[in-house]
Each structure stands twice: as structure tokens, then as C-alpha cells.
Amino acid sequence: EDLMGNIYTSMYCRKWSLKQPPLLWLIVLASLVSGGCEAARYVANRAIENDDARLLKHNCAQRESYFTQRLSHFSYPKGDVATFQQRYVLCTDAWSTGNPIFFYAGNEGSLTAALHATGLMWENAARFRAMLLFAEHRYYGKSQPFGPKPQEGWKVDPRFLSVPQALADYACLVQYIKKVHGAQDSPVIVFGGSYGGELAVWMRLKYPHIVAGAIAASAPVLGYPDEPGFSPSSYWKVVTRDATPAAGAAPGCSSRVRLAFQTLMESAAGDPVDRAVVASRLRLCSPLARQEDMVRVAYWLQGAFDAYAMGNYPYPSSYINGDDTHPLPAWPMRAACQLMTQEGKHVLESMADAVGVLYNATGEQRCYDASTSGPAAGSDLGPWDFQVCTEQMAQEQPYWPANGKTDMFWDQGPYNFTAVSEHCMKAWGLRPDRAWPTVQFGGLQALKQASNIVFSNGEFDPWSAFGVLSNISSTVHAVFISEGAHHLDLMWSNPADPPSVRSARSYEMQQIAAWIKDFKGAS
């Protein structure tokens, strides 16, 4: 039972020898005080495993390779077939023949973020003797079909940017890797978070002969207009709950936020003097010349609370704000709410402080440029906006309306698919078909026919409003993570992790082990 020969028995619990790093001693001591011997053992054991996993990642993460993909898997042009280079990272250091392949289905961004953040795969590679394969989504990062510059290449012709094309890329890449490494008998387990979680689910549905099981974290597979029960405003209800004592935030926070938006909207209809006062209290760099400027600022403020909810992790993290030097603090919604509820300040001045947790993480901003896109803004034209118009059917901002009653924002009117359609026509010259995602992906009805999928959703994550929260069948399971934010279970284990995410990860690994056993029994 002793790990690495450095554990001995005492009358109280197992202790680590002085050969362990001082930081580990402090972590174990803190865990012992808060949770007893079992908690201390868990944290100490995970710390050792975490170090080994990080060494594995360090050794493998730079092994960048490229695979030649067809530009279109579903057409047969005359002459030469157009191709592009898809980036991937492969790690075989922990793998032995016949053991599984853990595959990450890349989502709407560079491969780098998922590669470094998905600790769940790295930490369990040695246990399963698994090969790790991370693939980048076409049209993102360095996987550009029409040029090396991500900001320009996708503009040439975005027609080949679609879920079916991306899934076919992944299937072809996996089959290639299996052939090259003699891994035909290795079961493939696909992982993904958010949109990547959806891709993991759809890959299991579309290619069950290639993928033996899927871990789908924070996957909003039910967030489509024609899905029964679709209620876009429920997203903001979850964000608001994060700003209440039920989620650990300061009392009165959500009420103060609501008051701030009421004050802002009332001032929007006022004269230039009113707007000047608002701009001053919010510490904006530019004046608010028109009523439309006030609305733009309101959405910018709302985007900060959206980011706090998604990134409401129990430890400092740069996953949401993308700034490794100035990460969001632990429990960022609680941090913002402390500022929002400070006494002696006007509510808009408190709002300026609260959004500064995101927009002024450096502490050096003397004023705010409210045109800056927040992590949740979703308003910039780019490959993701094209996908919003063709398959994803809108984004939380600005298309999923808050109502100011069940949430802490303001009444943004009813869900307006016509506005989505008009935007898409203006931006891309096309009109989305609101029924198509449910036809193509199948929604809840398709999941009733599926198998070997674990859905995980966090209590603090607003995307849980469109996730699978209860078991669908004996082989399609749901895990709910109290105090969990956006796909927390995929992240590296951390001493601050709540017990719920530890249990979720353990359950996911149990299911993977069962899928592997079934695969080997059937082969």
C-alpha cells in the first residue's frame, strides 16, 4: 500500500517522509486539518501522480505533427483531391500494445489550450497505459486549409468548416495512428469539453466502430432551438445563482448587480449629462454618445459575469481569461461579489470594480475600453461565428436573452431567431435553418439509442442549462458536480478540488475501465 517507499505507519495515519518537497508537506497538513487522514492521503497521493503526469506532458507536448486530411470527405472532385495539414500531438510514452488510446476531440480554438489544460488524460495515462492523442479542429490554430495565418486563412472559403467534416477528420486520424502503431486492438476513448464534449458525443454516435466510449464534459447537446424544452434565458439564471449565497457569494450581490443594470438602462434614455455621469462612474475611456452605446456597455458588463460563472474554479486559473500571468482568482464570482457589495460606493462604481476582476486583472487599467471583447462576448466575426450561423444556432451573447426577473441582468426581450438569421445573412450571406441541428445531431432522441457515454456538468457552469443532467439509459450516464464550473473534471487535479469533482473523475475512470473490458471481451 505504500507509495514510492516513502510512507510509514503511525498511530494516526500514514505520513510522508521528509524526503518529500516542503510544499507537499504544507498541502498534506492543510488537507489533514480540513478533512482528516483520508483527505490527506488523497491529496498527497494525487500530488505525486500529478508530478509524474506533468513530466509526461512536458516530454510529449512539443511533439507536434501533421496529418494530411481531405478538404472535403464527402465530395469526389475531378482531378487531384484538395487537402490540408491537420495538427496533432501524440504521446506513446505510457502506452503498451493492446492498451487504450485516449483521444481529445479538439474544439473551437488552438490545440495548445486543451493540450495543456486536460489533466484528466495526462494523469490517467500511466494507470491505463494509454496512448494520448490530441487533435486540432480544422480552421482553428495551425490547422488552416487555406493558409498559415489563422486570422486570414479561414476567410478564403469557410464552406468546409462543419461538424461532419471535423468528425471525419478525427476518424481518419485515429485510424491512421492505429495502423502506424499496430494499435488495431486498442480501444479508443474520446474526451471533450464544451463544444469538444459535443464532438465527443457525436463521434461516439457516428463512429461507434472507431470509438468505444466518450467522456463529454459540459457538453450543451440540448441547447438548440428545436430541441424540446429549449429555454435560452435559463443560461443567465445559472449565472445569477452563482452570485448568491447558495453558491458561496456575498449576500446581496445579485440584487446589487440587478440594481446596477436598472440604473444603467434608466440612464440610457436620459440626456448627455446622465450618460457622462455613467461613463465616469464606470471608469470608461470613451464617452457614451448615444443610447446604443449604453446597451453595448451593458452587454460588455454582462460578459464579465458570464466569464466568472464559467470560470468559477476553486483555484486561480487562466483558462477563461487566457492570461497566464494574471489568472482569474479562485472563485472569481465570489471575488467580484465582494467588490459588488462593498459599502459606501455608488452601485455603478462597485460594478466597475467587480468587472475589473476580469477586465483589469493587471490592476493597471486607468479606464476601460468597453469595446474590448470579453471571453464570453461571441460577437467577433471568425470561424466560430460561421459555425454559429450554420450549425450551432447562436451564442449566449447577444442572442440568448436575459429577462431581468429570473436573472440579475435586464429585460432583453424574447429569443429572436430572426435577429440571428439577419446577422448571418449580413456576415456570411446565408440564413441558418433552426431545425437542422436537431435533425443532424439527433438531440435527446439520438442519445436514447446511444451507449458508453458519460455526461458531466457543474453546478456553477451556465452551460449545464443545456446539458444532460440525469441518466438516459444503463449505458448513457450523467454526473452532476456540485461546486463545479466549466468542465472542471477535465482539468488537472488540485488540492482545492471539491469532493464532488474527485468523485466524478473516479466514476469516469470506472466507466472507461468497463468499456475497455467490454471491448476486449467482444474482440
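What you see below is based on every heavy atom in this structure, not just the backbone, and it leaves out hydrogens, waters and symmetry mates.
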Salt-bridge test for [X] and [Y]: reply yes if a basic N is under 4.0 Å from a carboxylate O, no otherwise.
| X | Y | result |
| --- | --- | --- |
| R502 | E508 | no |
| D353 | K345 | yes |
| R283 | E349 | no |
| R505 | D497 | yes |

For this session: Apply the test ring pair (Phe, Tyr, Trp, His ring centres under 6.0 Å) to residues W384 and Y195: give CA-CA distance (whole Å), side-chain angles for both, the deciding distance (0.1 Å), then the verdict.
Result: CA-CA 11 Å; W384 180 246; Y195 168 55; 5.0 Å; yes
Between [X] and [Y], which heavy-atom pair has the shortest distance, and what is it?
| X | Y | answer |
| --- | --- | --- |
| R256 | Q342 | NH2-O, 4.1 Å |
| A309 | A485 | O-CB, 4.0 Å |
| D489 | A217 | OD1-CB, 3.6 Å |
| V357 | P329 | CG1-CD, 3.6 Å |
| A168 | Y207 | CA-OH, 3.5 Å |
| D169 | H73 | OD1-NE2, 2.6 Å |

Once you measure the plane-to-plane angle for [X] and [Y], does it fall in the parallel (<30°), tilted (30-60°) or perpendicular (>60°) bin?
| X | Y | value |
| --- | --- | --- |
| F230 | Y415 | perpendicular |
| W428 | F386 | perpendicular |
| H423 | Y399 | tilted |
| Y319 | Y313 | perpendicular |

Checking side-chain polar atoms at under 3.5 Å, does [X] have a donor or acceptor matched by the opposite partner on [Y]?
| X | Y | answer |
| --- | --- | --- |
| W410 | N403 | no |
| D461 | H486 | yes |
| D323 | S318 | no |
| R204 | S451 | yes |
| H487 | N457 | no |
| E227 | Q445 | no |
| Q387 | Q392 | no |

If you define the side chain from C-beta out and look only at heavy atoms, does anything of [X] sit under 4.5 Å from [Y]?
| X | Y | result |
| --- | --- | --- |
| M393 | V388 | no |
| F67 | R87 | no |
| S456 | I481 | yes |
| M121 | F134 | yes |
| P287 | R275 | no |
| P314 | P498 | yes |
| F441 | V163 | yes |
| V174 | L133 | yes |

Is there a donor-acceptor contact under 3.5 Å from the side chain of [X] to the main chain of [Y]?
| X | Y | result |
| --- | --- | --- |
| T118 | L115 | no |
| S233 | A402 | no |
| N452 | A212 | yes |
| Y170 | G106 | yes |
| S162 | Q165 | yes |
| E198 | A219 | no |
| R281 | L348 | no |
| T438 | A435 | no |
| N360 | E364 | yes |
| S503 | P499 | yes |

[atom1] of [X] to [atom2] of [Y]: how many Å apart, nearest 0.5 Å?
| X | Y | atom1 | atom2 | value |
| --- | --- | --- | --- | --- |
| Q395 | D385 | CD | CG | 9.0 Å |
| R70 | R138 | CZ | CZ | 10.5 Å |
| C285 | R366 | SG | CZ | 10.5 Å |
| D411 | K405 | CG | NZ | 6.5 Å |
| F103 | L173 | CZ | CG | 6.0 Å |
| M310 | L488 | CE | CG | 14.5 Å |

Less than 6.0 angstrom separating the ring centers of [X] and [Y], yes or no?
| X | Y | value |
| --- | --- | --- |
| F191 | F102 | yes |
| Y368 | W300 | yes |
| W331 | Y315 | no |
| W236 | W463 | no |

Exercise. Do L282 and L264 pass the side chain to side chain contact (heavy atoms under 4.5 Å, CB included) test, and can you show the C-alpha distance, the side-chain angles, and the key distance before you say yes or no?
Worked result: CA-CA 10 Å; L282 288 176; L264 184 63; 4.2 Å; yes
Exercise. D242 pairs by side chain to side chain contact (heavy atoms under 4.5 Å, CB included) with which of F460, Y308, F305?
Worked result: F460
Problem set entry | Criterion side chain to side chain contact (heavy atoms under 4.5 Å, CB included) against M340, the qualifying member of S350, S255, S254 | S350
For this session: Run the numbers on N107 and H137 for side chain to side chain contact (heavy atoms under 4.5 Å, CB included), then give the verdict.
Result: CA-CA 6 Å; N107 39 334; H137 196 297; 5.6 Å; no
Problem set entry | Worked check of ring pair (Phe, Tyr, Trp, His ring centres under 6.0 Å) between F261 and F409 | CA-CA 6 Å; F261 281 108; F409 302 103; 5.5 Å; yes
For this session: Write out all pairs satisfying salt bridge (charged side-chain N to carboxylate O under 4.0 Å, His left out) with one or both partners inside residues 434-452, taking only residues at least two apart or from two chains.
Result: D226-R434
Exercise. Stepwise, does the ring pair (Phe, Tyr, Trp, His ring centres under 6.0 Å) test hold for W400 with F466?
Worked result: CA-CA 12 Å; W400 290 350; F466 312 109; 4.7 Å; yes
